[in-house]
Asker: 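One structure coming up, written as structure tokens, with questions to follow.
It should be emphasised that the depicted structure is a prediction, and the values quoted were computed from it without experimental measurement. Within every chain, numbering begins at 1; the chains are lettered A, B, ... in the order of the sequence lines, protein sequences first and strands thereafter.
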Number of protein chains: 2
Amino acid sequence: MKSKKYSTTIRDVADLAGVSVATISRYLNNKSLLTEETAKKVQTAMAELNYTPNPIARNLSTNRTNAIGVVMNEIGGDFFTPLLEGIIETTEKNDFNLLIFTSTGRNRYNPAMLGSMYTDGLIVFIDSLGDEDIAYLHNSDHPIVLVHKSPPTGLQIPVVTIENKRASTRLVNHLIEKHNRRNIVFLRGPEGNEDSFWRELGYREALSTHSIPFDPRLVLVGGFDRFKAKEVIEKLVQEKTQFDAVFAGDDEAAIGVLQALKENGISVPGKVAVVGFDDQRLCPFLNPPLSTIHAPTDLVGVNAAEQLIKMIRNEPVEDIILLPTKLVIRESCGCNSVPENIE
Amino acid sequence: MKSKKYSTTIRDVADLAGVSVATISRYLNNKSLLTEETAKKVQTAMAELNYTPNPIARNLSTNRTNAIGVVMNEIGGDFFTPLLEGIIETTEKNDFNLLIFTSTGRNRYNPAMLGSMYTDGLIVFIDSLGDEDIAYLHNSDHPIVLVHKSPPTGLQIPVVTIENKRASTRLVNHLIEKHNRRNIVFLRGPEGNEDSFWRELGYREALSTHSIPFDPRLVLVGGFDRFKAKEVIEKLVQEKTQFDAVFAGDDEAAIGVLQALKENGISVPGKVAVVGFDDQRLCPFLNPPLSTIHAPTDLVGVNAAEQLIKMIRNEPVEDIILLPTKLVIRESCGCNSVPENIE
DNA sequence: CCGGTTACTGTAACCGTTTACATTCTACAT
DNA sequence: ATGTAGAATGTAAACGGTTACAGTAACCGG
């Protein structure tokens, strides 16, 4: 039935040590006290045979996989690396394995079920899983934590995300108060994106605070996408719509904005100020260096993994963790400073 | 013995369908022909119970995990994302799961053994695993493919890496021939790094072709690290060593070089030309845009995963795959390329 | 000296599959 | 009828652990 590959099992160890398999198992999981003497025998036998317990067998028996999964829709983008970094830091610290799923592949099995049998819990990123799948998993008691996304209505599933609104307000306030901008474009993210929703709310609040009427012509869809954003701004320029600043929704879109402006000979920040959101790795290298909001994506990863592991261990968790963001003022807003961080 | 969580098993399906478990299993793995009628019964029962085979049990029985692992030493850096992207593309296409290990964590078990029981094969990145571990795995018939690293002497393990030397020669040739540089600094990577070794060979070959004597004072250790590289160049400037170009070893180091030069008021490329290696995402945004060599890191991922999966399936594989690299000329070398050529 | 703890250890069932081997059934030649 | 090959299905033993339950030895108080 099996491969030729010989592997030493718990029974081999038991035989050599002259004890029962149960004793070996108990030694491994220090479930009950062993005689000094027995313990020694077991140790010796294990060392002699170079024994490592087979995790798969363990999994089958305990119905735990000791792994968590992260479900993402795309791997690319500067978002992914820090998030994963945070997750891995935590999983390794807690002796969990990490499985990566992307929601695109996998047609044979429904990803929801796959996840549930391969892992003890899932970190679900934005809209990588549909609401029905999330509900299904949740209803079958499979631990989930949502990242940058709130749960389907009615379900109480922990969420880890960042503070979007207040930071956006402050960023737009900065544009208005420090740089006298009044015609500020806002670029939305993809349809239904929650980060975008809150950022827009923040944007509107800043306008309203300063009695600047909301102008729907200045709110466009950049899709958190470099090319889309570039296109949209180009169109705006051609239409000769007046604007003196762009809050690009995220850094990725800001790159497109910068490019569109440059190609149309519009100076940044002289004529138009540009700001983003996320504080990607490349922000300081853009031309001009991009003022933005720092999103602690690695911490999102850490917290999501921590929450999930707590759930798996039946410890209490927060319903929602909102990680603080902070302004990172560089030069694209009009400031002319050596990078100065505000609060 | 078990969690309360009820899960429907192959036996439930067998009972409902009125056949034996073997039949269900055979249906699932289409191992032998079933009567049209039996098949239908099985289908119905499976659908009714919403049955999904338990992969863990399957693993135990077949001694295959249907997962491959990738072992890395660090997650950060622009290297990681495209590599992983390539790997995931391939694993999903082939219905494999992907496990991520970093060599830092994991103290409880030796990572080598862990990997071998959790996965059907491992992609080992640069020096994330010691030679002994690699040898151990290889000797116990665990499939491995090495990435950006050649096998320990004597072992025949497939390697996927990129063409370093010829590309480096061409890049340095470009500096010499097109831009008349003769005092070209080379920044080595970390101690023992093979990419660095070949890049240096390429550098030397270009010098030699043009009868430029090799000057050891111009070869320094930048460690493929932004800060290290910056430091090293600053020192060089302070010592008033003459140089008119820097081949930074990789893009990461090039960033540090650019920074050091800028802070010392040395114009790039006017006074000193700078080139890197890798073609990271942010290269076009640097100031000036960085001329470099494009390393097809995503393809490295794809090829490594493909090779590994072939090994797992006992299909023949290449001993070594050397992926082609190509020059990407932007402006930091002295060229004045207006068009943003490469994505 | 005996019953009752306590502390350790052993026996064997179980986790949910796969698969070697056995069995049954069908069709067809003899 | 009978024998037989071949196809479809069933039976039960693995895979390598965990753990409920049972057993045993040592110790203690009465």
Asker: Closer than 4.0 Å, any side-chain N/O of A:Tyr27 to the OP1 or OP2 of D:dG17?
Answerer: no
Asker: Can you check whether B:Asn29 has a side-chain N or O nearer than 4.0 Å to OP1 or OP2 of C:dT18?
Answerer: yes
Asker: Search all heavy atoms of A:Pro53 against all heavy atoms of A:Leu28 and return the closest pair with its distance.
Answerer: CG-CD1, 4.0 Å
Asker: Provide, to the nearest angstrom, the distance between the CG atom belonging to A:Asn63 and the P atom belonging to D:dG17.
Answerer: 18 Å
Asker: Give the rounded distance in Å between these two atoms: CD1 of B:Ile24 and P of C:dT19.
Answerer: 16 Å
Asker: Roughly, in whole Å, what's the span from CG in B:Asn54 to P in C:dT17?
Answerer: 5 Å
Asker: Measure from the side-chain heavy atoms of A:Thr38 and tell me the nearest of C:dG16, C:dT9, C:dG10.
Answerer: C:dT9
Asker: With a 3.5 Å cut-off and just heavy-atom distances, do the side chain of A:Arg58 and the base of D:dG16 make a donor-acceptor pair?
Answerer: no
Asker: Once you round it to whole Å, what is the distance between P of D:dG16 and CG of A:Asn66?
Answerer: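 After rounding, the gap between these two atoms is 19 Å.
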Asker: Under 4.0 Å, counting only non-hydrogen atoms across every strand here, what does B:Val19 touch: a base, just sugar-phosphate, or nothing?
Answerer: sugar-phosphate
Asker: Starting at the 5' end of DNA chain C and moving along, which residue's nearest nucleotide shows up first, A:Leu34 or B:Val21?
Answerer: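 Nearest nucleotide further toward 5': that of A:Leu34.
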Asker: Backbone N or O of A:Phe79 within a donor-acceptor pair of the A:Thr297 side chain at under 3.5 Å?
Answerer: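 No; zero donor-acceptor contacts below 3.5 Å.
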Asker: Do the side-chain N and O atoms of B:Asn66 and B:Asn97 include a donor-acceptor pair separated by under 3.5 angstrom?
Answerer: no
Asker: Report yes if a side-chain nitrogen or oxygen of B:Thr23 is closer than 4.0 Å to either non-bridging phosphate oxygen (OP1 or OP2) of D:dG10; otherwise report no.
Answerer: yes
Asker: Can you see if the side chain of B:Ser7 gets near the phosphate of C:dG16 - specifically, an N or O under 4.0 Å from OP1 or OP2?
Answerer: yes
Asker: Is any side-chain N or O of A:Ser25 under 3.5 Å from a base N or O of D:dT18, one able to act as donor and the other as acceptor?
Answerer: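 When only heavy-atom distances are counted, A:Ser25 does not reach the base of D:dT18 through any donor-acceptor pair under 3.5 Å.
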Asker: Can you measure from CD1 (A:Ile68) to CD1 (A:Ile144) and round to the nearest 0.5 angstrom?
Answerer: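 So the gap between those two atoms works out to 12.5 Å.
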Asker: Would you kindly give the CG-to-C1' distance between B:Asn59 and C:dT17, to the nearest whole Å?
Answerer: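 That distance rounds to 10 Å.
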Asker: OP1 or OP2 of C:dT9 sitting under 4.0 Å from any side-chain N/O of A:Thr35?
Answerer: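 Affirmative; the distance criterion is met.
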Asker: Using a 4.0 Å heavy-atom cut-off across all strands, classify A:Ile56 as base, sugar-phosphate, or nothing.
Answerer: nothing
Asker: On the 0 to 90° scale, with breaks at 30° and 60°, tag the A:Tyr118-A:Phe101 ring pair as parallel, tilted or perpendicular.
Answerer: tilted
Asker: Closest to the B:Tyr51 side chain: D:dT9, C:dT17, D:dG17?
Answerer: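 It is C:dT17.
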Asker: Rounded to the nearest angstrom, tell me the gap between atom CZ in A:Arg64 and atom P in C:dG16.
Answerer: 16 Å
Asker: Identify, between A:Ile10 and A:Arg26, the residue whose nearest nucleotide on DNA chain D lies closer to the 5' end.
Answerer: A:Ile10
Asker: Heavy atoms from C-beta onward define the side chain here; which of D:dG10, D:dA8, C:dT17 lies closest to that of B:Ser61?
Answerer: C:dT17
Asker: Under 3.5 Å, is there a donor-acceptor pair between the side chain of B:Thr91 and the main chain of B:Ile88?
Answerer: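 It does hold such a pair.
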Asker: Expressed in angstrom and rounded to an integer, what is the separation of A:Met117 atom CE from C:dC15 atom P?
Answerer: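 So the two atoms are 13 Å apart, to the nearest Å.
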Asker: Taking atom P of D:dA25 as reference, at what distance in whole Å does atom CD of A:Glu37 sit?
Answerer: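 It works out to 15 Å between those atoms.
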Asker: Once hydrogens and angles are ignored, does a donor-acceptor distance under 3.5 Å link the base of C:dT17 to the side chain of B:Arg11?
Answerer: yes
Asker: Under the 3.5 Å rule, do the base of C:dG16 and the side chain of B:Thr9 count as making a donor-acceptor pair?
Answerer: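 Result: no qualifying N/O pair found.
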Asker: Please determine whether a side-chain nitrogen or oxygen atom of B:Ser20 lies at a distance below 4.0 Å from atom OP1 or OP2 of D:dG10.
Answerer: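 Checking B:Ser20 against D:dG10: at least one side-chain N or O falls below 4.0 Å of OP1 or OP2.
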